[in-house]
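Lettering follows sequence order; numbering is per chain, from 1. Computed from a predicted model, the values in this text were never measured in an experiment.
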Protein chains: 2
Amino acid sequence: MNVQIRLFQALADPARLGIVETMKTGERAVGDIVERMNIHQSGVSRHLRILSEAGLVQMRPDGQKRLYSLRKEAFDQIDTWMAGYRRHWEKRLDRLGEALEGRHALRARHQEKS
Amino acid sequence: MNVQIRLFQALADPARLGIVETMKTGERAVGDIVERMNIHQSGVSRHLRILSEAGLVQMRPDGQKRLYSLRKEAFDQIDTWMAGYRRHWEKRLDRLGEALEGRHALRARHQEKS
DNA sequence: GAAATATATACACAATAAGATATATACATG
DNA sequence: CATGTATATATCTTATTGTGTATATATTTC
């Protein structure tokens, strides 16, 4: 539960969300990101550190450049978090389905009242 | 793209993430949330407004109480956002799968180099 | 090994946001 | 309609965070 907070905090900044978007299709050097964003190099560097500490990106040196890319595991964690919520809607949908099919009709009608 | 930022910003605060968790299993009155969280009533109220403006929760008056609950649509939006990223990993996995099966072996080996 | 290129860090400043206290609004009940 | 209960808002204070400038570190090239 403490894990996701860092992920959400990392994604909660417009600049960082833009940086993430820049890496959508693959690795990007810091300089490429600086060009595309309207932020100074130092800022991009700091944002990348936050994204890195949140586990959202990884880095691979390439000569004097550093190539950043997204980490699938971070997205998996968000998925896992959301799955805990989806479950409840699915349960409700199941009950709705049963009601529509005429099964458990009494219980369904009873819940409608409360 | 501007939509998700609000969602992430709303979820980026520990108190709000806790409030969301409180509503995991269904509706909650403001007072119930105040009891469970260690924040003053005014703070909870303000957090609920932020969650509401982000589209994460909805409200339904019940006498003098107000019952808040999660909005499935918000989670759908996050899913949609993430789907755009998953697509790329799936493509890569497909290519990996092809390579492992020996199909398109030449192309796979070529990409390995670059 | 000096200059150039690429990236990270330190620091100061401004803007934002969270928290508490006090107050306002809305509904319910006698 | 006065009182109590439930929630929202206004205001102040404090802490956090993003941004830019300047500087440090690392790598390549001549």
Side-chain angles (χ1 to χ4, degrees), chain A residues 1-23 26-71 114, chain B residues 1-23 26-71 114:
Chain A
M1 144 58 149
N2 235 337
V3 186
Q4 291 87 349
I5 263 278
R6 277 207 172 172
L7 288 173
F8 290 138
Q9 283 174 338
L11 294 170
D13 179 79
R16 283 194 292 273
L17 198 58
I19 291 174
V20 167
E21 176 118 7
T22 302
M23 295 184 287
E27 296 179 311
R28 292 273 176 262
V30 180
D32 296 345
I33 299 174
V34 174
E35 278 182 20
R36 277 160 224 258
M37 308 292 301
N38 205 13
I39 310 172
H40 270 246
Q41 178 263 321
S42 70
V44 170
S45 199
R46 229 169 42 82
H47 282 311
L48 284 169
R49 187 152 71 97
I50 293 171
L51 289 170
S52 178
E53 284 171 357
L56 258 161
V57 304
Q58 59 201 157
M59 189 268 284
R60 164 173 94 80
D62 175 35
Q64 50 188 358
K65 298 189 177 181
R66 297 191 164 194
L67 302 179
Y68 282 84
S69 56
L70 298 174
R71 287 186 68 241
S114 67
Chain B
M1 137 76 138
N2 236 336
V3 185
Q4 291 87 351
I5 262 279
R6 277 206 172 173
L7 289 173
F8 291 137
Q9 283 174 340
L11 294 170
D13 179 79
R16 282 194 292 273
L17 199 56
I19 291 174
V20 167
E21 176 118 8
T22 302
M23 294 184 286
E27 294 179 314
R28 292 275 175 261
V30 181
D32 296 344
I33 299 175
V34 174
E35 279 182 18
R36 277 160 224 257
M37 307 292 302
N38 205 14
I39 309 173
H40 270 248
Q41 178 265 319
S42 71
V44 170
S45 200
R46 223 166 36 82
H47 282 310
L48 283 170
R49 187 153 71 96
I50 292 171
L51 289 170
S52 178
E53 284 171 356
L56 258 161
V57 304
Q58 59 200 154
M59 188 267 284
R60 165 172 92 82
D62 175 35
Q64 48 190 356
K65 297 189 177 181
R66 298 193 163 195
L67 302 179
Y68 282 85
S69 56
L70 298 174
R71 288 186 68 241
S114 68

Legend entry - First of A29(A) and N38(B) reached from the 5' end of DNA chain C, by closest nucleotide: A29(A)

Inset, instruction - Would you please name every residue forming a side chain to side chain donor-acceptor pair (under 3.5 Å) with E27(A), sequence neighbours left out? - result: R60(A)

Legend entry - Terminal contacting nucleotides, 5' and 3', DNA chain C versus chain B (heavy atom, 4.0 Å): dA18(C) to dA28(C)

Legend entry - Straight-line distance of D13(A) CG to F8(B) CZ, nearest 0.5 Å: 12.5 Å

Inset, instruction - Give a yes or no answer on whether the side chain of R46(A) reaches the backbone of Q41(A) with a donor-acceptor pair at less than 3.5 Å. - result: no

Inset, instruction - Output all residues satisfying side chain to side chain donor-acceptor pair (under 3.5 Å) with R71(A), sequence neighbours left out; order by chain, then residue number. - result: none

Legend entry - Pairwise 5' ranking along DNA chain D for M59(B) and D13(A), keeping only the more 5' one: M59(B)

Legend entry - Within residues 41-54 of chain A, residues whose heavy atoms come under 4.0 Å of DNA chain C: Q41(A), S42(A), S45(A), R49(A)

Inset, instruction - Tell me whether the OP1 or OP2 atom of dA6(D) has a side-chain N or O from Y68(B) closer than 4.0 Å. - result: no

Inset, instruction - Give a yes or no on this: more than 12 heavy atoms of other residues, nucleotides or ligands lie within 6.0 Å of atom CG of N38(B). - result: no

Please write out each protein N/O paired with an N/O of nucleotides 26-29 of chain D under 3.5 Å, distance rounded to 0.1 Å.
unit_1	atom_1	unit_2	atom_2	d
dT27(D)	O2	Q64(A)	OE1	3.1

Legend entry - Min side-chain heavy-atom separation V34(B)-I39(B) under 4.5 Å: no

Inset, instruction - Please tell me which of Q9(A) and I39(A) maps to the more 5' nucleotide of DNA chain D, matching each residue to the nucleotide holding its nearest heavy atom. - result: Q9(A)

Legend entry - Non-neighbouring partners of E53(B) that pass side chain to side chain donor-acceptor pair (under 3.5 Å), sequence neighbours left out: R49(B)

